[in-house]
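Below is one structure, written out as C-alpha cells; the observations come after it.
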Protein chains: 2
Amino acid sequence: MANGILDRCRQAGLRLTAPRREIAAVLEASTDHPDAETIRQRAAVRGFTLSLATIYRTLKAFEEEGILEKRDFDGGRARYEDAERGHHDHLIDLETGRVIEFVDPDIEALQERIAARLGYELHGHKLELYGRRKTRR
Amino acid sequence: MANGILDRCRQAGLRLTAPRREIAAVLEASTDHPDAETIRQRAAVRGFTLSLATIYRTLKAFEEEGILEKRDFDGGRARYEDAERGHHDHLIDLETGRVIEFVDPDIEALQERIAARLGYELHGHKLELYGRRKTRR
DNA sequence: CTAAGTGCAAAGTATTTGCATTGCG
DNA sequence: CGCAATGCAAATACTTTGCACTTAG
C-alpha cells in the first residue's frame with residue numbers, strides 16, 4: 001500500500017523530481033493547510049528554492065491524481081492538504097481564523113442519506129462550520 | 001419586518017441608489033447563484049448598465065451587512081445569493097455543474113452539536129455535497 | 001534518448017482601489 | 001449641502017502559460 005505522497009505520486013505515474021520531493025516533504029511536515037506561497041516559504045526555510053509556477057503545477061497535478069485536496073476557505077488563496085490523511089471537516093474560528101479539523105461519523109452518514117434522497121450518488125463533500133469559542137470560564 | 005433586499009439595505013443605513021436597486025432587482029429575480037459578471041449581464045438585458053466596480057463594491061457592502069451570502073463553489077468567481085431566503089445547503093452535480101439547494105433539519109442540529117462539542121458557538125456553516133445522478137431507470 | 005518537468009517572465013482572471021464626479025438623504 | 005456612492009482606468013492578487021532548458025526513467 002502507498003502511504004507517503006511520493007508513493008502515490010509514483011503510483012500515479014508522475015516523475016519524482018527534486019521539486020516534487022520537496023513539496024511533498026513540506027506538505028507532510030505541515031499540520032495546517034498551506035497555500036502555494038506558504039509552501040514556497042517553508043521550502044525556503046529548509047534551504048530549497050522553488051518556483052511558484054512549479055508549485056502551482058505540482059499542486060494541480062497532485063490534486064488531479066487525488067493525492068491532495070484543494071480547499072478554498074476564504075475565496076482568497078487556495079490551500080492544500082494530504083488527501084490520504086482521511087476525510088475530515090473544518091471549523092473556522094471567526095476570531096482568529098484558525099482552522100480546526102474534526103470528523104463525525106453521524107455527519108458522514110447523514111450526508112450520504114441526503115444525497116441519496118436527492119437522487120444522487122455522493123462522491124465527496126465539504127463542510128465548514130464557522131464559530132466563536134464559547135466564553136465559558 | 002424587512003423582506004426585500006432594499007428594505008434590509010435601508011435598515012443597514014445604506015443609500016438606495018439606482019445601481020443598488022438594479023442589483024437587488026437582478027438578485028431577487030434570480031433563482032440561481034450569479035457572480036458579478038453575470039449580474040452585469042442580466043442588468044444589461046434589463047436595459048441597465050452597471051460598472052463592474054460598483055457591482056463588486058455593492059456585493060461586498062451587502063455581504064458585510066448580512067444581506068447577501070458569498071459562495072465560492074469552485075474557487076473561480078464568487079457567487080452571491082439572498083441571505084434572507086433561509087439557510088440551505090448545496091449539492092453540486094459533478095456531471096453538469098448544476099447547483100441544487102436543499103435543507104435538512106437533522107444536518108443543522110448535528111452541526112450545532114458538533115460545534116458545541118468542540119467548544120464553539122456556531123455562527124454559520126457551509127455544506128457542499130458533490131455527486132452524480134443515480135443511474136436508476 | 002525523449003517525454004515530462006522546471007524556471008522565468010509574460011499573460012490571464014478575478015477583484016480592488018484612487019480619484020474626480022454625481023446624487024441620496 | 002455633505003458625505004456616500006459611482007464610473008473609469010489603473011493597480012493588485014492569485015494562478016496559468018509559452019518557451020527554451022533540464023532531467024527522470
Side-chain angles (χ1 to χ4, degrees), chain A residues 4-27 33-44 47-65 67-80 97, chain B residues 4-27 33-44 47-65 67-80 97:
Chain A
I5 289 177
L6 293 179
D7 298 306
R8 283 174 277 152
C9 194
R10 165 163 284 150
Q11 275 196 331
L14 298 175
R15 289 189 184 174
L16 277 70
T17 64
R20 286 180 178 172
R21 288 172 195 280
E22 179 61 21
I23 291 169
V26 167
L27 285 168
H33 313 77
D35 57 46
E37 177 56 32
T38 302
I39 290 169
R40 170 154 83 168
Q41 286 169 21
R42 291 187 186 168
F48 199 109
T49 302
L50 285 171
S51 155
L52 257 188
T54 297
I55 298 176
Y56 277 113
R57 272 190 285 235
T58 298
L59 292 174
K60 176 180 271 195
F62 283 9
E63 196 211 351
E64 282 167 352
E65 294 302 334
I67 295 169
L68 297 180
E69 276 174 17
K70 190 179 184 179
R71 301 284 162 183
D72 207 325
F73 295 133
D74 43 25
R77 326 215 239 209
R79 299 147 145 255
Y80 290 83
Chain B
I5 289 177
L6 292 179
D7 298 306
R8 283 173 276 152
C9 192
R10 165 162 285 150
Q11 275 196 331
L14 297 175
R15 290 190 184 173
L16 277 69
T17 65
R20 286 180 178 172
R21 289 173 194 279
E22 179 60 21
I23 291 169
V26 167
L27 285 169
H33 314 76
D35 57 47
E37 177 55 32
T38 302
I39 291 170
R40 170 155 82 167
Q41 286 169 21
R42 291 187 186 168
F48 200 109
T49 302
L50 285 172
S51 155
L52 256 189
T54 297
I55 298 176
Y56 277 114
R57 271 189 286 235
T58 298
L59 292 174
K60 175 180 271 194
F62 283 10
E63 196 211 351
E64 282 167 352
E65 294 301 335
I67 295 169
L68 297 181
E69 277 174 16
K70 189 179 185 181
R71 301 285 162 182
D72 207 326
F73 295 134
D74 42 26
R77 326 214 238 212
R79 299 146 145 256
Y80 290 84

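Sequence lines set the chain letters: A, B, ... in the order given, protein chains first and strands last, and positions in each chain run from 1.
- Set against D/dT15, D/dA5, C/dG7, the side chain of A/Thr54 has C/dG7 as its closest nucleotide.
- Put simply, CZ on B/Arg40 is 12 Å from C1' on D/dC8, counting in whole angstrom units.
- The phosphate of C/dT16 has OP1 or OP2 within less than 4.0 Å of a side-chain N or O from B/Lys60.
- If you find the closest nucleotide of DNA chain C to B/Ala53 and to B/Gly76, the one lying nearer the 5' end belongs to B/Gly76.
- B/Arg57 comes within contact range of at least one nucleobase, with a heavy-atom separation under 4.0 Å.
- Checked against D/dT15, C/dG5, D/dA9, the side chain of A/Arg20 finds its nearest nucleotide in C/dG5.
- One atom, CG of B/Leu14, and another, P of C/dG25, lie 10 Å apart when rounded to the nearest Å.
- Remark: A/Lys60 does not engage A/Glu63 in a salt bridge, criterion side-chain N to carboxylate O under 4.0 Å.
- When the C1' atom of C/dA14 is taken as reference, atom CD1 of B/Ile39 falls 14 Å away, rounded to whole Å.
- Counting to the nearest Å, the P atom of C/dT6 and the CG atom of A/Leu50 are 9 Å from each other.
- Distance check, rounded to the nearest 0.5 Å: CG of A/Leu50 to CZ of A/Arg42 gives 13.0 Å.
- For C/dG5, the OP1/OP2 oxygens have no side-chain nitrogen or oxygen of A/Thr58 closer than 4.0 Å.
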Evaluation steps, side-chain contact (heavy atoms from CB on, under 4.5 Å), between A/Arg20 and A/Arg15: CA-CA 8 Å; A/Arg20 286 180 178 172; A/Arg15 289 189 184 174; 4.2 Å; yes
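- Exactly one residue among B/Leu59, B/Leu52, B/Thr58 makes a side chain to side chain contact (heavy atoms under 4.5 Å, CB included) with B/Ile39. That residue is B/Leu59.
- Phosphate contact (OP1/OP2 of C/dT16, side-chain N/O of B/Tyr56, threshold under 4.0 Å): absent.
- Between A/Leu52 atom CG and C/dA9 atom P the separation is 13 Å, expressed in whole Å.
- Between A/Arg15 and the phosphate of D/dT23, there is no side-chain N or O to OP1/OP2 separation shorter than 4.0 Å.
- Here D/dT6 presents its C1' atom at 15 Å from CG of B/Leu16, a figure rounded to the nearest Å.
- The shortest distance between the side-chain N/O atoms of B/Arg77 and the OP1/OP2 oxygens of C/dA14 is below 4.0 Å.
- Atom CD in B/Glu64 sits about 11 Å away from atom P in D/dA5, given to the nearest Å.
- The CG atom of B/Leu59 sits 14 Å away from the P atom of D/dA5 (whole-angstrom rounding).
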Chi angles and distances behind the side-chain contact (heavy atoms from CB on, under 4.5 Å) call for B/Leu68, B/Ile5: CA-CA 8 Å; B/Leu68 297 181; B/Ile5 289 177; 4.2 Å; yes
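- Nearest to the side chain of A/Ala78, among D/dA5, D/dT15, D/dA24, sits D/dT15.
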